[in-house]
Amino acid sequence: MVRIFLSIILSFSFLLAVDESDHLKVGLVLSGGGAKGFTHAGVLKVLDSLNIHVDYIAATSFGAIVGSLYAIGKTGHELEKMGAVTNWEGVLSDLPPRNRLPYFRKKESGKYQLKFGLDGVKPVTPTGFVQGQTALMELSQWYHGFEQVNDFTQFPIPFKCVAMDLITGNQVVIDSGSLTRAVRASLSIPTIFAPVEWGDSLLIDGGVINNLPVDIVKEMGADIVIAVNVSSQNKKSSQIKNIINVLEQSISVHEYKLEYENEAIADLVIRPDLTGFYSSDFANDKFLPMVARGYAAGVLAAEELKKIRDIVGVQSSHNKILTIVNNPKISFIDIKGHDKLSFKFLYRLIGYEPGDIFNSQELESRINDIYSLGYFNTIFYEIELNDDKTVNLSILISEKPMREFNTGLRWDNRFGFVGAINIRINSTLIPGLVIEEHAQFAGLRKNVLQIYYPSRTLDFPLYPFIRSYYDKYDIFLQSNLNVKELPYSFESNGFGIGLGLLLKNYWTTEVEIRADDIKFEENYHDDIEDLAFPWQKNIYSKYSLHLDTIDDVLLPTKGIIVSIKHENSQMNARNESDEYSWYSIFVENYSTWNDHTLSISSFYQDGSESTPLFRRTIYGGNNLLTGFKENQLNGFNTAIAHIEYRYKYKKDIFFRLLASNIFFNKFTDDDISIHKNIWGYGLGATLTSPIGPLEFVWSIGPEALSNPGKNIFLYSFNAGYKF
C-alpha cells in the first residue's frame, strides 16, 4: 500500500514538472548502516541497468564509501567485484599484514589481549578500538587518480558526505579536501573507529546526526530524490538482546526523527529487507548475500525507477574530471602532527624531496612500511594541486606513546592459568634504544628484562643487547623405571650479553654469552634418579637462528618457521655443573587450499649425555607431541615428526586431525634406552574468541615410554593468546 501511495505522489509531481523535464536533476542518497551498507551496491546495479542518470550524491557512513566510488565513476557491478575481493575484517584492523612487520614487532604479534599506551605510568586508553590506518590505505587505493581533486563538485557526479563534530555536536557536510579522509571521517562509528581530526573539529560517524541526508542532496540542487535506507529501524525493548543491538540503538536513536522527516521529502525510498543481517557483519561471506538483497529491493522498485527515467530521460555519460595531472612534480613537503619524533627523522622515512615525481602507489607502499615500525596510530598523506601543475605533499601523522603496556591471560594444559605483562619503552634515553620488560605469573613465574639497540627504522642489521632472566616452574619427569611421574622444581637466575643480526624482516640470528644460577630440586623425597642439585653456576655460549614467515601466530595458514638453538658450556670458565654441548632444530610449514590447512613439523635434538635434563626435556604439547603426556619425553638424541590437518568449518570453528611420531629417542648412553617409531593420534576442535583460540584435543598414545605397548586416552584444553 505504501509503495502504491509513493508511486501516485511521484507520478503526480512529475506531471506538474513535465515542461521543465530538461532541467530536472536526480539526487541519490545512501544511508549509513554499518556492514549493511554492502546492500547499496545491489541497488546501484539496478539503477545502472535501467540507465538512471544521477546528478548529485549525498551519503553517510558506509553509504559514503559506496556513494563516493559511484561518484568518481565506478559502476554498481564494479563495486560488487571490488567488495567481493576486499578483506573487510582486515580493513577493520590496525594490524599490518604480518609479513610486512619488522622482526621485533612480528615476534610480539598474537600475544596480548589488551594493549595501552603509557603516559608516565598511567595507561592511556585509545579513542576507538580501531585507529583506522588500514581503512585509510584501502580507501586510498580505491581513489587512485582522484587525490589531486580537492573539490568534490568536480567529480563526474558531485558528492557530499556527512559527519558530526564531537566537540560542538554540529553536523559537518564535507565537500572538499581529501576524499579519503572525508569518507574515513563519515564512517567513524563511535567507540569502534577513532574520531578524525579535521581542522579544529573532531569528526565521528555522520549517522549519529543525519543518517539519510535527503535535505543535503536537495540543497545541492536535486529535484527528484532516490533514497536507499539500510539502517536499522527503531527497536522495541524486547529486540535489544545483546551488545550489538545496544550499539546500533544508541547510535541511531537520536536521529530517528530527522530520518523520518527526510524519508518523507524523498520521492522514492528503497529499504531492502535485511532480516538476519547486522551492522557488524563485516565478513566476506556476508557481502554478496547483502548485495543480492539490495538488487532484489531495486528490482521491486523498478517501476517507480522507470517513471523517473522516463521523466528525466536517458542522459549522456557524466563528464570526466579535467584537473588530473599525470606524474606531477612535488613542489613542497610538509609533515604535520609530530611531537616526539623529529621532522628530520620523519622526512628521512618518507624519502621524498621537492622536485621528485609524485607516485601515489609508491608513497602508499612506503607508508605501509613506515607504519609497521609501530610509532604511529595513523600516518597518511594529502596532496594539493598548484596552478603550475606541481603538487604540495602533506604527511599527516598521529603518534603512538613511546611507552606501551600490554597484558594477556591464557590457560594451557601444562601450567594452568598464566598471566603476562609487557612494558616497552622506546627512545627514552637514546633515540632508537628499547627497554622491554616481560613478566609471566601464576602457573609459571618468568621474567625477562632486555635492553637492545636496533636502528630506529629497523633496517640496520646489527643490534647489541643485554638481558636478565628469571624462571621458576615445576617439572614432572617420567621415571625411567616405571610410569610414575617425578615432580621437580626448576629455578634459574641469569644474565646475558650478545649481538644480533637481522636479515630482512623475517629472520634473525643471535650470539650470546650467558651466565645462570640454576637450582633443580626434587619434591617427592625419593630421588631414585639422583637428578636434583642445589644452586649451581653455569656459564655458556648460546647461538640461535629464527626464521618466521607465517601469516598469523594464532591460526597460521601459510609460511614456515625454523628455529635452531645451540648451547655450549665447554668454555674456559669455572662452571659448577658438568660441561655439555647441545643443539636443537625445529621446522614447521603451513600450506592452505580453500578451507583446508596442512601443517608438517619436525624436531631434532642432539647433545652430550651430560646435557642437563631440564634442557633436553621436550614440551611440545599437541603442536608436536599429540598423544603423549606433557613431561614424559627427554633425551639427548631425539627425532620427532608431527602432521596436522585443519578444516575451516565456519568462520570461527575449525576441526583438526593430528598425528605425532617419535622416530627415535635416546636418553642414556646405551642401545637399550632407545625408543623407536612410537605414534600418538588426536582429534580436535578450535574456536576463535575475543580472548584468543579455544583449543580442545582428544588424543590416544602410550601410557609411558617405558610401557609403549599400553595406550591411554588424553584430553587437553588450551585458551588464550600465545606468549
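Heads up: numbering here begins at 1 and tracks the sequence.
- Contact detail for A420 and Y112: the closest heavy-atom pair is CB-CE2, 4.1 Å.
- No hydrogens or angles considered: a donor-acceptor pair under 3.5 Å links the side chains of R184 and S188.
- A ring-centre distance under 6.0 Å is found for F62 and W88.
- One finds the OG atom of S68 at 2.5 Å from the OH atom of Y143 (value rounded to the nearest 0.5 Å).
- Under the 4.0 Å criterion applied to side-chain N and carboxylate O atoms, K160 and E219 are not assigned as salt-bridge partners.
- Taking CD1 of I65 as the start and CE of M82 as the end, the distance is 10.0 Å to the nearest 0.5 Å.
- Annotation: K74, atom NZ; neighbour count of heavy atoms from other residues, nucleotides and ligands within 6.0 Å does not exceed 12.
- Under 3.5 Å, the side chains of E147 and S178 contain no donor-acceptor pair of N or O atoms.
- Between the side chains of N211 and N262, no donor-acceptor pair of N or O atoms lies under 3.5 Å.
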Quiz item: Yes or no on salt bridge (charged side-chain N to carboxylate O under 4.0 Å, His left out) for R100 and D369, after CA distance, side-chain angles and deciding distance?
Solution: CA-CA 7 Å; R100 297 193 75 112; D369 290 336; 2.8 Å; yes
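- Looking at E108 and K111, a side-chain N of the basic residue comes within less than 4.0 Å of a carboxylate O on the acidic one, giving a salt bridge.
- The local environment of CG in D285 is crowded, with over 12 non-hydrogen atoms from other residues, nucleotides or ligands closer than 6.0 Å.
- Taking the charged nitrogens against the carboxylate oxygens, E404 and K115 have no contact shorter than 4.0 Å, which rules out a salt bridge.
- E399 and N377 share no side-chain donor-acceptor pair at under 3.5 Å.
- Checking H53 against D55 by side-chain atom types alone, a donor-acceptor pair falls below 3.5 Å.
- Note that K36 lies outside the cation-pi zone of F277, set by a 6.0 Å cut-off to the ring centre and a 45° limit from the axis.
- The 12-atom threshold is exceeded at NZ of K107, counting heavy atoms of other residues, nucleotides or ligands nearer than 6.0 Å.
- The side chain to side chain contact (heavy atoms under 4.5 Å, CB included) search around T597 returns T557, Y590, T592, R646, not counting sequence neighbours.
- Classification of E362 and R366 as a salt-bridged pair holds, one side-chain N sitting under 4.0 Å from a carboxylate O.
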